[in-house]
Amino acid sequence: MAEVKRGPLQRPDQDQEAREMWDRITRDYLRSVVSPELIAEHRRSPTGHHSEPLARLLAWCQRRPLSEQYAVRAESDGTFRIVSMTGRRGVAPKYIGEARFASLEEARHGVLLQHISDLTGK
């Protein structure tokens with residue numbers, strides 16, 4: 001990989017600092033827009049067109065590092081469960097809680113609620 005040329009005033013960790021600052025700003029914004037109405041909008045329509053705040057929240061969920069992402073796993077009994085990705089090759093995902101969902105849409109909504117829990121610390 002080619003070495004990145006930096007200007008005389010640019011520190012090597014400046015890119016990481018900028019990413020962290022942007023992530024802080026984004027998280028602050030998302031915490032300000034999370035509301036019962038936003039959650040209800042997702043429950044009504046987990047796919048398709050969304051309001052700008054919900055679209056931004058969903059985009060943030062998708063941009064999180066793999067180790068902070070969730071997926072839906074279909075079980076042999078026809079239910080769905082949420083798993084946490086490890087982000088490491090060869091390491092299986094881990095189940096999040098004991099909740100089982102009757103439909104894929106309910107499970108996807110459960111994933112959103114887990115992301116919101118991570119965001120708000122609740």
Side-chain angles (χ1 to χ4, degrees):
M1 185 171 203
E3 183 178 329
V4 176
K5 297 193 186 258
R6 300 191 183 280
L9 300 177
Q10 192 173 11
R11 298 182 313 275
D13 60 348
Q14 196 169 7
D15 290 339
Q16 183 62 29
E17 290 173 9
R19 278 190 215 87
E20 289 170 1
M21 180 188 70
W22 181 253
D23 187 56
R24 249 188 335 272
I25 291 168
T26 300
R27 286 174 177 261
D28 288 345
Y29 166 76
L30 293 173
R31 278 191 289 270
S32 76
V33 298
V34 169
S35 66
E37 293 81 17
L38 189 80
I39 293 169
E41 176 188 349
H42 185 266
R43 183 178 294 281
R44 282 189 310 272
S45 177
T47 59
H49 182 73
H50 299 113
S51 65
E52 181 183 352
L54 180 55
R56 286 179 185 236
L57 177 61
L58 293 171
W60 173 80
C61 294
Q62 293 173 349
R63 285 192 313 266
R64 295 182 77 187
L66 187 58
S67 61
E68 296 175 15
Q69 290 197 18
Y70 303 99
V72 174
R73 183 174 184 160
E75 298 293 302
S76 59
D77 63 359
T79 62
F80 298 89
R81 293 184 67 190
I82 299 173
V83 294
S84 173
M85 307 305 287
T86 62
R88 295 192 313 265
R89 185 180 300 248
V91 180
K94 297 178 184 173
Y95 286 105
I96 300 297
E98 296 298 320
R100 291 178 180 266
F101 301 91
S103 71
L104 182 57
E105 290 76 23
E106 289 175 18
R108 287 180 176 160
H109 187 68
V111 167
L112 177 74
L113 296 177
Q114 187 64 48
H115 280 293
I116 290 172
S117 175
D118 293 348
L119 178 66
T120 61
K122 296 180 183 176

Check your understanding: When rounded to the nearest 0.5 angstrom, what distance separates OG1 in Thr79 from CD in Glu106?
Key -> 11.0 Å
Exercise for review: Show your reasoning for whether salt bridge (charged side-chain N to carboxylate O under 4.0 Å, His left out) applies to Asp23 and Arg27.
Suggested key: CA-CA 6 Å; Asp23 187 56; Arg27 286 174 177 261; 3.0 Å; yes
Check your understanding: How is the hydrophobic cluster of Met21 composed, in terms of its other members, when Ile, Leu, Val, Met, Phe, Trp and Tyr link through side-chain heavy atoms under 4.5 Å apart, directly or indirectly?
Key -> Ile25
Check your understanding: Where is the tightest heavy-atom contact between Ser67 and Ser84, given as atom of each residue plus distance?
Key -> O-OG, 4.4 Å
Check your understanding: Under 4.5 Å between side-chain heavy atoms, hopping through other hydrophobics if needed: is there a path connecting Phe101 to Leu113?
Key -> no
Exercise for review: Determine, using the 4.5 Å side-chain heavy-atom cutoff (strictly less than), whether Leu104 and Val83 are members of one ILVMFWY cluster.
Suggested key: no
Check your understanding: Does Ile96 reach the side chain of Gln114, with side-chain heavy atoms less than 4.5 Å apart?
Key -> yes
Point to revise | Atom pair CZ/CG of Arg56 and Leu30 - distance to nearest 0.5 Å | key: 8.5 Å
Revision key, fill the gap. In this structure, CG of Leu112 is separated from CD1 of Ile39 (nearest 0.5 Å) by 7.0 Å
Review point. Counting N and O atoms only, with roles assigned by atom type, does the side chain of Ser117 sit under 3.5 Å from a partner on the main chain of Lys122, one being a donor and the other an acceptor?
Key: yes
Practice item. Could you grab the distance from atom CD of Glu105 to atom OG1 of Thr47, nearest 0.5 Å is fine? Key: 7.0 Å
Check your understanding: Between the main-chain N or O of Gly97 and the side-chain N or O of Arg81, is there a donor-acceptor pair closer than 3.5 Å?
Key -> yes
Check your understanding: More than 12 foreign heavy atoms under 6.0 Å from CZ of Arg43: is that the case here?
Key -> no
Check your understanding: Going by heavy atoms in the side chains, are Leu119 and Leu57 under 4.5 Å from each other?
Key -> yes
Practice item. Scan for ring-ring contact (aromatic ring centres under 6.0 Å, His included) pairs involving residues 37-78, sequence neighbours excluded, and state none if there are none. Key: His42-His109, Tyr70-His115
Point to revise | Closest non-hydrogen atom pair between Ala71 and Val111, with its separation | key: O-CG2, 4.3 Å
Review point. Is there a side-chain contact between Asp77 and Arg100 (heavy atoms, below 4.5 Å)?
Key: yes
Check your understanding: Is there a side-chain contact between Ser51 and Leu38 (heavy atoms, below 4.5 Å)?
Key -> yes
Check your understanding: Would you say Glu20 and Gln16 make side-chain contact, with heavy atoms under 4.5 Å?
Key -> yes
Check your understanding: Does some side-chain heavy atom of Tyr95 sit less than 4.5 Å from a side-chain heavy atom of Arg73?
Key -> yes
